[in-house]
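In what follows, a structure is listed as structure tokens, so that the remarks can point back to it.
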Amino acid sequence: MSGDHSRAAQLLASLTESEPDQPDIARKALLEAIGAGQMDLALNLAHQVPSTNLPTDARLLLVADEIRRGRADRAISWLSAKGDGGDLTFLVPIVRAWAAADQGNFDQALSALDQVQQANLAAIVLESRAFILLKAKRSADAEPIARRLVGSAGPREQRLRLALADGFLAAGDRPRALMIVEGMGEGEAAARQRVLAGRSSGQAIDNSAKAFSENLSALAADLVRLQRSAPPIGIVQVARYLNPQSSSATALLALMLAEQNRSEEALALLRSVPPGDTLISAIRDVEVQILIDRKRLNEAYQIASIAAAAHDADLADYSRLGKVLESMKRPAEAADAFGRAISFAETHDLKGELWQQLFYRANALQDAGRWPEARQALQQAQAIAPDEPLLLNFLGYAQLEHGENVDSAEAMIRKATELAPDNGSITDSLGWAQFKRGKVSEAIATLQEAAEKEPEQAEIQEHLGDALYKSGRHYEARFAWSAALVTAEDEIAARVKAKLSGGLSPANAAP
């Protein structure tokens, strides 16, 4: 309960020794050990729990241990065994495929992947196919799969691009390695230099242990997206056990630990990543974000400012500093930092990153009260990415606030809503635009839709409450404001409290 999970695991393990006929205690100790990353202790405890009572995390750990030892048959036995957490046999063909690839039996490996039936494993199967083809030095066959993977990788895009580039390099195909890092954005310039020098990034996925580690990380990330329950920390701990050098698994685990109020563990984990790791920039991003979320802004600033002052600082370092300065309510300095990021992007021809940095700079300029400069930055960004919903939403909303081009501004926001129909914040902008223009009934319907999409967003609930109050539905407005207060902070919280106390007034209305 106090957050010392390592000590709790040790104490429970000691209790297990003194109460050997109590499998429930051993099971509890086992789960605590896995969650704390004490894998040697967990492996010892796993053999004290009846196999039918083993939870999923424990069975995956036993599978991982056998894969690390090169014993695929035993790993498959653990996947096929009945346990307490459901069926894991869907992973068997993937383990078989990589076991065959490690032996150089590439046709057998690819045939094993064909046995996977589950549609929700399509992305994992594609990844395995691409990396096995690269291991077989069949880079031409791997290329179309690689292109498809990076196009749908989401947050894992940088990691996958680097791993695929390493695979193409190992296959002796430098042109395709260059191709796969082109358009990567953050870290692209450094990646390009490494490929031209024939140097690996160290992110290769070229054996069973690394591949299964990546599979588990991808599955855990999917679970986080699909459900609101506790994050699957144990699965990611197993992924790191398989590949201790995986900085991407480390970053994912740190995010999950921080979400469970285990920030000190998360920060210690991130600080264990060597400074020379090719994903160190992403690691710093996670570290700084955790510090910002915990209001430890001076520590976040120290990390960001040191990185931005280094001789090899890049776009990510300048942008990170800008975000920290914004969180410190120093928008003018933040705008300058984003300006340095923009200059870097222009110098290194990083067009994919340029519009985002212009967007960030515009936001900082707007907060600094420099709207004409913010508008210019937004227009520059829109010229690069004319159908980017975030830009359309920001430019339209800001113009409405300043009373400029109100018809076209609302049209921009409506287009942004059509381009990103699931984005509650953009739907909120449309509703608030309608409210600002006196279309209160339309606004309430739109804001209710936004609140359904993102019920925990305090700003949306505040807007809905204001619109309801304006229409005379005071009782419902109080419900919306109360919902806003659950997650509201700083200025929003102060406004909402005032409204709950005395109703809506010009002094406490949302801006």
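Index from 1, following the sequence.
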**Fill in**
Looking only at heavy atoms, the pair that brings Met256 and Pro232 closest together is CE-CD, 3.8 Å

**Asked** Can you tell me if His348 and Glu188 form a side-chain donor-acceptor pair at under 3.5 Å?
**Response** no

**Request:** Not counting sequence neighbours, which residues clear side-chain contact (heavy atoms from CB on, under 4.5 Å) with Glu449? List them please.
**Result:** Thr427, Lys453

**Request:** May I ask you to say whether Arg495 pairs ionically with Glu491, meaning some side-chain N is under 4.0 Å from a carboxylate O?
**Result:** no

**Asked** In terms of side-chain heavy atoms, does Arg194 have a donor or acceptor partner in Ser201 at a distance below 3.5 Å?
**Response** no

**Asked** Can we say Arg159 and Glu214 salt-bridge, meaning some charged N sits less than 4.0 Å from an Asp/Glu carboxylate O?
**Response** yes

**Prompt:** Just checking, any donor-acceptor pair under 3.5 angstrom between side chains of Ser213 and Asn243?
**Reply:** no

**Item:** Salt-bridge criterion met for Glu127 and Arg148 (N-O under 4.0 Å)
**Value:** no

**Request:** Step by step, work out the side-chain contact (heavy atoms from CB on, under 4.5 Å) result for Leu255 and Val286.
**Result:** CA-CA 7 Å; Leu255 285 168; Val286 175; 3.7 Å; yes

**Prompt:** Within 45° of the axis and under 6.0 Å from the centre of the six-membered ring of Tyr301, does NZ or CZ of Arg296 qualify?
**Reply:** no

**Message:** Taking the basic N atoms (NZ, or NE/NH1/NH2) and the acidic carboxylate oxygens, is any pair closer than 4.0 Å for Arg176 and Asp173?
**Reply:** yes

**Prompt:** Would a distance-only check, ignoring hydrogens and angles, find a side-chain to backbone donor-acceptor pair under 3.5 Å from Gln461 to Pro455?
**Reply:** yes

**Request:** Count the heavy atoms belonging to other residues, nucleotides or ligands that lie under 6.0 Å from CD of Glu182, then report whether that count exceeds 12.
**Result:** no

**Message:** Looking at Glu410 and Arg414, is any side-chain nitrogen of the basic one under 4.0 Å from a carboxylate oxygen of the acidic one?
**Reply:** yes

**Message:** Quick check: do His402 and Arg375 have side-chain heavy atoms less than 4.5 Å from each other?
**Reply:** no

**Minimal non-hydrogen separation, Ala335 against Ala364, with atom names** = N-CB, 3.7 Å

**Request:** Determine, step by step, whether Ile235 and Leu223 satisfy the side-chain contact (heavy atoms from CB on, under 4.5 Å) criterion, reporting the C-alpha distance in whole Å, the side-chain angles of both residues, the deciding distance to 0.1 Å, and the verdict.
**Result:** CA-CA 10 Å; Ile235 294 178; Leu223 285 172; 3.9 Å; yes

**Request:** Give me the ring orientation class for Phe359 and Trp355: parallel if the planes are under 30° apart, tilted from 30 to 60°, perpendicular past 60°.
**Result:** perpendicular

**Prompt:** Any luck finding a side-chain donor-acceptor pair between Asn363 and Glu326 under 3.5 Å?
**Reply:** yes

**Asked** Taking the side chain as C-beta and beyond, is there a heavy-atom pair between Ile444 and Leu447 under 4.5 Å?
**Response** no

**Message:** According to side-chain contact (heavy atoms from CB on, under 4.5 Å), who are the partners of Glu442, at least two apart in sequence or on a separate chain?
**Reply:** Gln434, Lys439

**Message:** Does the plane of the ring in Tyr469 sit parallel, tilted or perpendicular to the ring in His474? Use 30° and 60° as the thresholds.
**Reply:** parallel

**Request:** Search all heavy atoms of Gln260 against all heavy atoms of Pro231 and return the closest pair with its distance.
**Result:** NE2-CD, 3.1 Å

**Message:** Is it the case that the side chains of Asn405 and Gln399 hold a donor-acceptor pair, with the cut-off being a distance below 3.5 Å and no angle test?
**Reply:** yes

**Criterion side-chain contact (heavy atoms from CB on, under 4.5 Å) on Arg284 and Leu279, from CA distance to verdict** = CA-CA 9 Å; Arg284 285 194 189 116; Leu279 289 177; over 6 Å; no

**Fill in**
Residues passing the side chain to side chain donor-acceptor pair (under 3.5 Å) test with Arg340, sequence neighbours excluded, are none

**Request:** Please report the closest heavy-atom contact between Ala239 and Ser217, naming both atoms and the distance.
**Result:** CB-OG, 3.6 Å

**Asked** Would you say Leu134 and Leu164 make side-chain contact, with heavy atoms under 4.5 Å?
**Response** yes

**Item:** Exercise: do Asp466 and Trp432 side chains pair donor with acceptor under 3.5 Å
**Value:** no

**Asked** Do you see a donor-acceptor pair shorter than 3.5 Å between the side chains of Arg240 and Thr250?
**Response** yes

**Request:** Report yes if the side chains of Asp206 and Phe131 come closer than 4.5 Å at any heavy-atom pair, otherwise no.
**Result:** no

**Prompt:** Do you know the tightest heavy-atom contact between Val324 and Leu297?
**Reply:** CG1-O, 4.4 Å

**Prompt:** Is the backbone of Gln302 close enough, under 3.5 Å, to the side chain of Ser305 for a donor and an acceptor to pair up by distance?
**Reply:** yes

**Asked** Can you tell me if Asn215 uses its side chain to pair, donor with acceptor, with the backbone of Ala218 under 3.5 Å?
**Response** no

**Item:** Main-chain N/O of Ile413 paired to Asn393 side chain as donor or acceptor, under 3.5 Å
**Value:** no

**Request:** Answer whether the closest heavy-atom distance between the side chains of Phe212 and Ile205 falls below 4.5 Å.
**Result:** no

**Prompt:** Does a sphere of radius 6.0 Å around CG in Asn298 hold more than 12 heavy atoms from other residues, nucleotides or ligands, not counting ones at 6.0 Å or beyond?
**Reply:** no

**Asked** What are the two closest heavy atoms between Leu315 and Ala341, and how far apart are they?
**Response** CD1-O, 3.7 Å

**Message:** Between Ser248 and Arg156, is the side-chain contact (heavy atoms from CB on, under 4.5 Å) condition met? List the steps.
**Reply:** CA-CA 8 Å; Ser248 60; Arg156 297 176 60 237; over 6 Å; no

**Asked** Do the side-chain N and O atoms of Asp285 and Gln289 include a donor-acceptor pair separated by under 3.5 angstrom?
**Response** no

**Asked** Got a donor-acceptor contact below 3.5 angstrom from the Arg129 side chain to the Ile124 backbone?
**Response** no

**Asked** Do Gln457 and Thr487 have side-chain atoms, one donor and one acceptor, less than 3.5 Å apart?
**Response** no

